[in-house]
Protein chains: 2
Amino acid sequence: MEAVIKQERNLCITHILPIRDALDILSGKWKIPIIVALCVHKRRFKELHRDVQGITAKMLSKELKELELNKLVKRTVHDTSPVTVEYSITEYGHSLTPVINELRDWGMKHRDKIIYHPEEA
Amino acid sequence: MEAVIKQERNLCITHILPIRDALDILSGKWKIPIIVALCVHKRRFKELHRDVQGITAKMLSKELKELELNKLVKRTVHDTSPVTVEYSITEYGHSLTPVINELRDWGMKHRDKIIYHPEEA
DNA sequence: TGTTTTGCTTTCGTACAGGATACTAGTATA
DNA sequence: TATACTAGTATCCTGTACGAAAGCAAAACA
């Protein structure tokens with residue numbers, strides 16, 4: 001095998017690895033939407049449940065636990081009554097802002113493309 | 001409900017919608033890795049199969065079809081013998097570059113963080 | 001006393017993402 | 001004649017993501 005091709009293959013693999021790491025943490029239908037909601041403002045469970053449209057309480061609970069484990073989200077319990085729990089983005093969570101912004105920009109452009117040029121070959 | 005809160009909720013929802021659109025197209029374990037591989041260089045099926053490590057021929061075939069439907073990837077058949085098929089990124093596919101770069105940057109930082117501060121509270 | 005609210009958990013179920021393995025057709029090469 | 005390479009398909013299977021619906025404990029309100 002030629003050296004150039006070998007090099008290209010390695011380049012390809014090293015490019016993919018960190019992306020896999022990121023996807024492992026962010027993949028699924030709900031994690032990024034939850035992070036976005038919390039970036040706008042910290043929120044309580046019920047508020048999140050309302051604002052992340054379509055999610056069930058079970059999924060919300062499960063996803064929040066995983067995000068907390070990965071230090072992207074912080075959970076704070078206030079001993080009011082009934083107990084209120086507040087979820088907020090951590091500093092580390094905020095480091096995702098550029099990723100999310102790019103994703104949103106692309107999503108908006110894509111939506112425009114689909115709406116205005118739906119059937120182009 | 002206060003106007004400010006209502007406004008925040010709308011902000012939240014409009015922020016999430018385009019992200020959902022993007023995720024619908026890019027979600028799953030393989031689509032982004034395939035795109036990255038093709039961004040490095042156009043490739044034939046077997047080459048992709050080798051370079052996107054771990055993917056099965058069935059998944060590769062299926063994902064390529066979906067990417068082609070969304071105009072992110074172009075399929076070209078050369079009538080050599082045996083037939084060779086070449087996959088390449090479209091211009092539209094290249095518009096994902098900023099998203100992918102941010103995702104990779106974050107993935108690299110995350111990997112560093114895990115390796116060097118694995119158990120920080 | 002019963003209802004509401006909060007923040008979940010539990011149970012049950014389905015659908016699809018993804019994987020393992022084998023196989024195909026056409027050509028070329030040994 | 002047999003084997004290998006191309007680009008996939010076909011079958012069968014498993015795991016888990018995700019969803020619907022109900023329940024729960026503690027306090028406050030009516």
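By convention in this document, chain letters (A, B, ...) are assigned in the order of the sequence lines, proteins followed by strands, and residues within each chain are numbered from 1.
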Distance, rounded to the nearest Å, where A/Arg75 contributes CZ and C/dT6 contributes C1': 12 Å
B/Lys65 NZ to D/dA7 P, straight-line distance once rounded to whole Å: 14 Å
B/Leu60 CG to C/dT21 P, straight-line distance once rounded to whole Å: 18 Å
Atom pair distance, as rounded to whole Å: CD in B/Glu68 and P in D/dA7: 15 Å
Short N-O contact, A/Glu68 and A/Lys74, less than 4.0 angstrom: no
Separation of atom NE2 in B/His78 from atom P in D/dG8, rounded to whole Å: 12 Å
DNA chain D contacts made by residues 30-51 of chain B, counting heavy atoms under 4.0 Å: B/Arg44, B/Phe45, B/Lys46
Spacing of A/Asp79 atom CG relative to D/dA25 atom C1', expressed in whole Å: 16 Å
Residue A/Lys29, side-chain atoms from C-beta onward, closest of D/dC12, D/dG19, C/dC8: D/dG19
Interatomic spacing from CG in A/Asp51 to CZ in B/Arg9 - rounded to 0.5 Å: 4.0 Å
Selection residues 79-96 of chain B - residue pairs positive for salt bridge (Lys or Arg N to Asp or Glu O under 4.0 Å), sequence neighbours left out: B/Lys42-B/Glu86
A/Lys58 side-chain proximity, nearest of D/dA20, C/dG7, C/dA17: D/dA20
Which nucleotide in D/dT9, D/dC18, C/dT6 has an atom nearest any side-chain atom of A/Met59: D/dC18
B/Pro82 side chain, from C-beta outward: closest of D/dC5, C/dG19, C/dG7: D/dC5
Atom pair distance, as rounded to whole Å: NZ in B/Lys62 and P in D/dT9: 13 Å
D/dT9 phosphate, OP1 or OP2, under 4.0 Å from B/Ser61 side-chain N/O: yes
Phosphate OP1/OP2 of C/dC8 contacted by A/Tyr87 side-chain N/O (<4.0 Å): yes
Mutual orientation of the aromatic rings belonging to A/Tyr87 and A/Phe45 [parallel < 30°, tilted 30-60°, perpendicular > 60°]: tilted
Cluster link B/Tyr92 to B/Val99, ILVMFWY, side chain under 4.5 Å: yes
Approximate separation, where rounding is to 0.5 Å, of A/His15 NE2 and B/Asn101 CG: 7.5 Å
Step-by-step side chain to side chain contact (heavy atoms under 4.5 Å, CB included) determination, B/Leu72 to B/Ile89: CA-CA 6 Å; B/Leu72 297 173; B/Ile89 283 283; 5.9 Å; no
Whole angstrom value for the distance that separates P of C/dC8 from CD of A/Glu63: 14 Å
